[in-house]
There are 4 protein chains.
Amino acid sequence: MAVPDPLPSAQRRGRPRSAAADRAILAATRAALVEIGWSRLTMGEIAQRAGVAKTTLYRRWAAKSELVIDAVAVLFDELRLPDRGCLRADVEGVVLSFAALLRRPEAKTALMAVLAESTTDEALRPRIREAIVDRQKRLVLDGRARAQQRGELPPDPADPAETARVVDLIFDVIAGAVVHRSLVSDCPVDESWARLFTTLLLEGLGAVSPPPAPGGAAAGAAAPDGTEPTGGGR
Amino acid sequence: MAVPDPLPSAQRRGRPRSAAADRAILAATRAALVEIGWSRLTMGEIAQRAGVAKTTLYRRWAAKSELVIDAVAVLFDELRLPDRGCLRADVEGVVLSFAALLRRPEAKTALMAVLAESTTDEALRPRIREAIVDRQKRLVLDGRARAQQRGELPPDPADPAETARVVDLIFDVIAGAVVHRSLVSDCPVDESWARLFTTLLLEGLGAVSPPPAPGGAAAGAAAPDGTEPTGGGR
Amino acid sequence: MAVPDPLPSAQRRGRPRSAAADRAILAATRAALVEIGWSRLTMGEIAQRAGVAKTTLYRRWAAKSELVIDAVAVLFDELRLPDRGCLRADVEGVVLSFAALLRRPEAKTALMAVLAESTTDEALRPRIREAIVDRQKRLVLDGRARAQQRGELPPDPADPAETARVVDLIFDVIAGAVVHRSLVSDCPVDESWARLFTTLLLEGLGAVSPPPAPGGAAAGAAAPDGTEPTGGGR
Amino acid sequence: MAVPDPLPSAQRRGRPRSAAADRAILAATRAALVEIGWSRLTMGEIAQRAGVAKTTLYRRWAAKSELVIDAVAVLFDELRLPDRGCLRADVEGVVLSFAALLRRPEAKTALMAVLAESTTDEALRPRIREAIVDRQKRLVLDGRARAQQRGELPPDPADPAETARVVDLIFDVIAGAVVHRSLVSDCPVDESWARLFTTLLLEGLGAVSPPPAPGGAAAGAAAPDGTEPTGGGR
DNA sequence: GGATAAACGAGACGGTACGTCCCGTCTTTAA
DNA sequence: TTAAAGACGGGACGTACCGTCTCGTTTATCC
């Protein structure tokens with residue numbers, strides 16, 4: 001919430017805030033975003049669709065950006081990482097499901113709009129990270145742990161900072177490439193592209209994931225999924 | 001130009017448009033963008049700074065987005081790819097100079113804002129690609145050609161579509177990762193990160209760049225820069 | 001009011017309209033009319049002078065003309081018909097005080113401007129009549145009744161339509177002649193002219209005011225004020 | 001013309017002004033006035049209808065008002081005073097034909113609009129009088145002279161200023177009453193009203209037209225047209 | 001007949017005001 | 001105390017005309 005709950009105390013005086021109003025507002029925000037886009041989305045419009053007074057919106061959110069972040073955060077929580085048996089399949093899966101999310105108008109519009117706002121609005125950046133970005137990083141962590149259990153990746157190195165560097169890199173490469181291809185290059189993220197990209201990523205990954213111990217799973221890193229890359233020649 | 005040149009003919013009738021006004025408008029747009037940001041940037045403000053009537057703006061550009069695209073396109077044209085001797089150094093160089101560009105407020109603000117607009121405005125997307133995005137793809141093509149001349153990369157495969165797929169992939173990965181780390185993760189793109197990212201990229205590149213001929217430069221692709229990757233273990 | 005009162009109900013919901021804003025707007029309109037005239041009078045200027053937002057003006061009046069009508073109507077309500085003892089003096093008095101009103105810039109400018117607008121704007125005509133024109137007709141009715149009480153004029157004829165025809169005629173002749181001399185011929189309406197005009201009117205009046213009964217006040221009508229007309233010779 | 005003819009000399013050098021353009025402009029002005037009214041009448045619209053550049057208009061007239069005065073002046077010149085045999089008939093005739101003119105949209109709109117402008121624009125007033133108002137005064141003079149020839153009115157008094165006072169009064173009363181009833185009271189000027197008004201005027205006229213000599217036409221003035229007034233009783 | 005000069009069409013120019021939309025706040029009654 | 005309603009001061013919008021200016025073109029007279 002942008003505007004803090006008035007009092008964290010058990011029960012304040014006066015009429016309590018309507019939880020139904022909250023739900024109606026967030027739903028109306030998503031619906032309006034799909035229909036009329038970010039720039040024509042106004043607080044008055046949202047209030048009208050939600051059957052709520054404008055003051056009720058401002059009592060809860062300080063700005064349109066913050067309301068939209070809360071409204072679309074739930075969409076990004078729907079991303080899942082089902083176990084597809086091997087690391088390559090898991091990576092391709094997350095690439096494709098992230099791309100599918102970015103095809104939903106309310107998701108892509110809201111994401112890009114609040115990111116754009118955040119280039120000017122300092123306070124917006126942590127809010128976006130908390131509500132949207134960081135939640136996807138768990139996918140990387142989960143997939144990495146699963147691959148380590150399978151023996152496809154070496155265990156974490158001794159230095160946890162080293163692990164964080166690599167995890168962040170992987171996250172920026174995956175999310176960045178998918179977003180860029182989807183929304184900037186405006187090209188489809190299909191299975192063919194996902195396979196090619198995954199090949200590049202997994203191969204490159206071996207070079208940046210140091211082995212934790214002198215002996216170990218280096219061979220697994222060198223051929224993480226046990227298949228030959230597209231082009232074959234190695 | 002957003003509003004099409006009234007007639008492409010050699011000499012139209014009536015008073016010709018002032019080229020000085022064009023220059024003043026684009027310069028004023030960049031300056032205002034730095035000072036007051038995208039959301040408070042208004043057509044009236046730009047006109048006032050440029051010493052120009054609002055109508056003169058609307059005669060040339062249909063919307064703020066289109067004007068800003070033209071105004072900042074020149075910034076992206078300043079990206080260069082100086083020959084640093086080897087592919088690894090060239091990649092690191094372009095990563096760092098692209099990141100430096102994205103630290104300029106007018107560049108990052110304008111880029112994200114117009115990308116956000118483009119998620120709603122269908123007509124804006126090709127415009128952004130032509131004026132901004134596609135021009136950076138030349139950096140990938142130039143770097144690739146240079147590395148091929150050096151023997152660091154194998155020559156293009158027989159199928160040009162295959163080349164295009166790989167070039168697009170490299171472009172989306174580089175641009176996407178740098179943008180995502182800079183503007184979404186909000187972390188610095190410094191030499192350390194550039195080195196790590198380049199290692200991942202070049203190593204992964206070997207896996208997606210098939211050799212053109214049965215015999216050839218596969219070894220070069222496998223260790224493109226002749227150095228050992230960060231983590232060592234191969 | 002031009003824009004209808006949103007609901008005539010006893011008490012509507014929401015914040016009520018500010019009566020102070022109404023007063024400030026009408027006063028600012030009169031002041032601005034005097035200073036800058038009709039053509040340079042803008043809604044924005046009025047709003048600024050009244051310390052009010054432009055939207056507040058448009059919430060109440062649909063157009064400049066309607067606002068000006070309401071603003072100057074009060075001036076025309078200030079016209080009075082003091083009892084000067086005889087019909088002739090009363091007529092001369094109303095002629096002179098009407099002419100004095102038409103010398104006030106805001107009155108003459110506003111009157112002519114809205115009359116001009118009304119030649120094109122069908123809806124404006126009844127509005128002008130209600131707010132400005134018809135209110136002056138009471139002067140004719142009052143003067144006539146007073147003269148009848150004095151015995152200077154015969155009582156109303158049996159047919160009320162006949163009375164209305166004569167009253168309307170008198171009104172058009174007096175108002176028309178004064179307006180025409182003041183604003184069209186651009187000559188002063190002074191005591192000399194008022195005396196001459198009144199002579200013509202009263203003498204002519206006898207010919208169009210039929211006696212109510214076979215016997216009666218015809219002699220009174222023939223010399224309504226008991227004085228000899230200017231020119232003498234009858 | 002508002003803008004003076006560049007040189008009154010016999011023949012200047014350079015391309016002469018197009019007389020066809022003048023005619024087209026004045027005709028277009030009248031036509032546009034009928035269709036769209038004064039307030040929406042723009043110089044650009046007139047130029048477009050006349051098939052002429054805006055500069056051509058401004059080369060000839062300094063303002064819309066002046067152009068419109070010239071455009072409609074010709075309409076008022078069409079007023080005629082045919083000899084209907086007696087003064088009463090002549091007066092009723094001129095009243096009705098003036099009212100007919102004021103029913104033409106371009107005439108009434110233009111007249112009221114320029115009169116309204118003239119309340120603010122000092123320089124406009126003499127221009128209106130010369131081009132429009134004074135030309136109608138000839139009707140009063142002609143009618144008066146004709147009536148004097150018939151013996152219906154006494155000859156002019158010795159003092160010409162006295163004559164001017166009376167002529168001006170008659171003019172203001174006739175024109176004022178007709179304009180007021182037509183455009184302000186918004187009532188029809190029909191034969192019935194014309195008869196009533198003429199009765200009032202002619203009867204009143206006797207009181208303000210002094211006889212030129214001790215003996216004379218007083219009886220003619222008392223019953224100028226040889227008919228009994230509407231109401232009868234005298 | 002070529003130079004000169006003015007008027008012509010076209011349309012861009014710096015401006016002003018428009019009437020609308022939305023902002024975020026404030027003021028009311030009702031729950 | 002919150003809610004719905006809606007008026008409030010304010011700011012930007014994109015449009016319409018304003019009256020001026022700069023073009024290339026046309027039409028006349030003058031040398």
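Convention: sequence-line order gives letters A, B, ...; per-chain numbering from 1. Keep in mind that the numbers below use all heavy atoms, side chains included, and drop hydrogens, waters and symmetry copies. Quick caveat, the model's predicted, so the values are computed rather than measured.
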Side-chain donor or acceptor of D:Arg60 paired with backbone N/O of D:Arg17 under 3.5 Å: no
Contact residues, residues 37-54 of chain B to DNA chain E [heavy atom, < 4.0 Å]: B:Gly51, B:Val52, B:Ala53
d(CD1, B:Ile36; P, F:dG11) in whole Å: 14 Å
Expected output: side-chain B:Thr109 to main-chain B:Glu106 donor-acceptor under 3.5 Å: no
Separation of E:dA12 C1' from B:Tyr58 OH (nearest whole Å): 18 Å
From OG1 (D:Thr120) to CD1 (C:Ile36), nearest 0.5 Å: 10.0 Å
base_contact_polar (E:dC13 base, B:Arg15 side chain, donor-acceptor, <3.5 Å): no
Ion pair check, D:Arg127 and D:Glu130, cut-off under 4.0 Å: no
Side-chain heavy atoms of B:Leu115 within contact of B:Ile128, under 4.5 Å: yes
Minimum-distance nucleotide (side-chain atoms of C:Arg59 versus F:dC8, E:dT25, F:dG19): F:dC8
D:Leu67 CG to F:dG19 C1', straight-line distance once rounded to whole Å: 15 Å
Sole residue of C:Thr29, C:Ile25, C:Leu26 in side chain to side chain contact (heavy atoms under 4.5 Å, CB included) with C:Asp70: C:Leu26
B:Arg13 vs F:dT26: side-chain N/O to OP1/OP2 distance below 4.0 Å: no
Toward the 5' end of DNA chain E, by each residue's nearest nucleotide, B:Ser18 or A:Lys64: B:Ser18
Phosphate OP1/OP2 of E:dC13 contacted by B:Arg60 side-chain N/O (<4.0 Å): yes
Length of the CD1-C1' vector between A:Ile25 and F:dT2, whole Å: 13 Å
Distance, rounded to the nearest Å, where C:Leu57 contributes CG and E:dC18 contributes P: 10 Å
Min side-chain heavy-atom separation C:Lys64-C:Trp38 under 4.5 Å: yes
Distance test, side-chain N/O of C:Thr55 to OP1/OP2 of E:dG19, below 4.0 Å: no
Side-chain N or O of D:Arg17 closer than 4.0 Å to phosphate OP1/OP2 of E:dC8: no
